[in-house]
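In the text below, chain A, chain B and the rest are named by the order of the sequence lines, each starting its count at 1.
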There are 2 protein chains.
Amino acid sequence: MTEARPGPRERMVFSAAQLIRRQGVAATGMREVAAHAGAPRGSLQHYFPGGKEQLVNEAVQWAGRYAGKRIARFLAGLDEPTPSGLFAAMAAQWTDEYAADGFAAGCPVAAATVDRAASADATRRAAAAAFTAWRAPLAAALTDLGVPAGRAESLATLMISTLEGAILLARAEQDTAPLTTAVRELGPLLDAARA
Amino acid sequence: MTEARPGPRERMVFSAAQLIRRQGVAATGMREVAAHAGAPRGSLQHYFPGGKEQLVNEAVQWAGRYAGKRIARFLAGLDEPTPSGLFAAMAAQWTDEYAADGFAAGCPVAAATVDRAASADATRRAAAAAFTAWRAPLAAALTDLGVPAGRAESLATLMISTLEGAILLARAEQDTAPLTTAVRELGPLLDAARA
DNA sequence: GCGCTACTATGACCAGTGTCATAAGCCGCG
DNA sequence: CGCGGCTTATGACACTGGTCATAGTAGCGC
């Protein structure tokens with residue numbers, strides 16, 4: 001830990017993301033977020049004068065940045081760097097969590113999209129931005145791994161789509177099989193795309 | 001129409017599914033469902049004594065059956081029956097809807113999973129059953145199209161995962177590109193699986 | 001016509017929501 | 001000390017949610 005414990009504002013954003021990815025946006029209350037973050041209730045209106053929408057949007061944005069940063073870590077941690085290995089590492093983050101903590105949580109960006117895409121356009125745009133913040137470094141990583149520039153963007157989209165869907169199925173069925181299936185079936189396709 | 005207009009009970013289940021796939025489960029009220037179905041409010045407690053959870057579960061179940069039945073139709077409507085063509089038809093249902101009516105709605109089963117998987121186990125199980133009701137005929141169709149039995153189940157899971165994720169991305173970005181990308185990238189893989 | 005069942009109608013309740021107004025505490029600076 | 005900022009505290013408001021209780025109506029068999 002090179003930096004001190006994050007301030008209450010960051011903790012609230014983080015807590016919001018955690019609660020949203022478990023319960024969805026609508027079922028997550030502001031008071032609940034403050035309590036979960038160990039932050040005073042009064043700080044809500046101080047740090048987030050834009051109300052719940054602002055808090056949700058920042059949580060989504062945070063999740064997007066987080067996912068984007070993970071890509072570099074995954075890439076660095078691969079024994080033999082291949083597209084399929086990268087995808088396997090992305091999926092493993094979820095299978096590990098599900099094995100350790102149960103199937104309670106999903107992706108916060110997915111939850112925000114499902115709950116708010118139609119009703120809050122700012123949140124929908126935040127979700128789109130989050131997916132972009134995730135896809136861009138992923139596509140860059142694929143080109144690093146030898147995938148032609150033309151394919152990299154498409155395959156990054158495919159990887160994220162498949163991963164999000166597999167997370168959904170895994171949660172519903174309380175079984176990591178959809179995730180492992182995705183890795184197994186998609187892996188060869190990804191590696192074959194290398195120049 | 002060989003059968004008469006469906007009764008109020010079915011209309012309410014249908015309306016619930018429609019509203020859920022737009023707004024999510026938590027944001028969809030019982031009174032709203034009744035109003036949308038043109039059904040009297042008093043019928044809610046009459047037909048669904050199990051309350052909102054029962055209504056949601058039946059809506060999810062209905063969606064699963066619907067998706068399962070569509071497979072046969074898609075299969076019958078293909079010019080040249082191939083796995084990739086089937087997948088393209090599944091995706092086209094969404095691109096068509098999005099082009100015609102905008103990106104307001106997603107998959108009701110996905111919404112129920114995101115909103116309720118952690119809090120209502122019966123709903124989570126209903127979602128799992130819905131995915132099964134979707135995957136089973138899809139896997140059967142793949143074997144019909146020449147995919148070996150061993151692969152068919154896996155590829156069916158992959159197709160549903162990717163489609164669900166692509167729907168999510170498409171809604172967030174208000175762009176059908178994720179759906180078309182999924183079809184383009186996944187198609188060859190699916191056709192190559194034929195014996 | 002009677003009675004029974006199926007359905008509808010309506011009002012109330014309580015827990016919960018997001019939001020606001022207002023006031024207090026804390027703390028460094030002058 | 002005293003002032004002024006950031007932060008926190010707390011109570012109230014208006015509203016909606018699901019659920020329940022209770023009463024009312026429709027229609028059909030007898």
Side-chain angles (χ1 to χ4, degrees), chain A residues 4-20 22-60 108 111-112 114-116 118-123 126, chain B residues 4-60 108 111-112 114-116 118-124 126:
Chain A
R5 174 162 173 261
R9 192 182 198 284
E10 289 173 280
R11 290 208 316 275
M12 282 191 279
V13 172
F14 177 78
S15 287
Q18 295 304 316
L19 293 172
I20 287 170
R22 281 173 175 76
Q23 314 167 335
V25 174
T28 298
M30 301 279 280
R31 293 165 171 84
E32 189 185 5
V33 170
H36 184 273
R41 213 190 86 193
S43 298
L44 282 170
Q45 86 179 261
H46 182 73
Y47 290 114
F48 306 96
K52 185 175 186 177
E53 180 164 339
Q54 181 186 357
L55 177 57
V56 170
N57 293 356
E58 296 203 20
V60 168
V114 162
D115 273 10
R116 289 288 197 259
S119 58
D121 197 63
T123 302
Chain B
R5 173 162 175 264
R9 191 181 198 285
E10 289 173 281
R11 290 207 316 275
M12 283 191 279
V13 171
F14 177 78
S15 288
Q18 295 304 316
L19 292 172
I20 287 171
R21 83 197 199 95
R22 281 174 175 74
Q23 314 168 334
V25 173
T28 298
M30 301 278 279
R31 293 165 170 86
E32 189 185 4
V33 170
H36 183 272
R41 213 190 83 185
S43 298
L44 281 171
Q45 84 179 266
H46 183 72
Y47 290 115
F48 306 96
K52 185 175 187 177
E53 179 164 339
Q54 181 186 357
L55 177 57
V56 169
N57 293 355
E58 295 202 21
V60 168
V114 161
D115 273 10
R116 288 289 198 258
S119 58
D121 197 63
T123 302
R124 196 222 86 227

Review point. Mapping A:Gly50 and B:Pro8 onto DNA chain C by nearest heavy atom, which one lands closer to the 5' end?
Key: B:Pro8

Check your understanding: Looking only at heavy atoms, which two atoms of B:Ala59 and B:Ala16 are closest? And how far apart?
Key -> CB-CB, 4.0 Å

Review point. Can you name the nearest heavy-atom pair linking B:Met12 to B:Phe48, along with the distance?
Key: CE-CE1, 3.9 Å

Take atom [atom1] of [X] and atom [atom2] of [N], then tell me their distance rounded to the nearest Å.
{"X": "B:Gln23", "N": "D:dG17", "atom1": "CD", "atom2": "C1'", "answer": "14 Å"}
{"X": "A:Arg41", "N": "C:dA24", "atom1": "CZ", "atom2": "P", "answer": "17 Å"}
{"X": "B:Lys52", "N": "C:dG16", "atom1": "NZ", "atom2": "P", "answer": "15 Å"}
{"X": "B:Leu44", "N": "C:dT10", "atom1": "CG", "atom2": "P", "answer": "14 Å"}
{"X": "A:Met12", "N": "D:dT7", "atom1": "CE", "atom2": "P", "answer": "10 Å"}
{"X": "B:Phe48", "N": "C:dT8", "atom1": "CZ", "atom2": "C1'", "answer": "15 Å"}
{"X": "B:Met30", "N": "C:dT10", "atom1": "CE", "atom2": "P", "answer": "18 Å"}
{"X": "A:Arg31", "N": "D:dT10", "atom1": "CZ", "atom2": "P", "answer": "14 Å"}

Exercise for review: Look at the side chain of B:Gln45 and decide which nucleotide, out of C:dA9, D:dA9, D:dT8, has an atom nearest to it.
Suggested key: C:dA9

Check your understanding: Which value, rounded to the nearest 0.5 Å, describes the distance between A:His36 atom NE2 and A:Arg11 atom CZ?
Key -> 11.5 Å

Can you tell me if the side-chain N/O atoms of [X] get under 4.0 Å from OP1 or OP2 in [N]?
{"X": "B:Ser43", "N": "C:dT8", "value": "yes"}
{"X": "A:Tyr47", "N": "D:dC6", "value": "no"}
{"X": "B:His46", "N": "C:dC7", "value": "yes"}

Point to revise | B:Arg9/B:Glu58 salt bridge by N-O under 4.0 Å criterion | key: yes

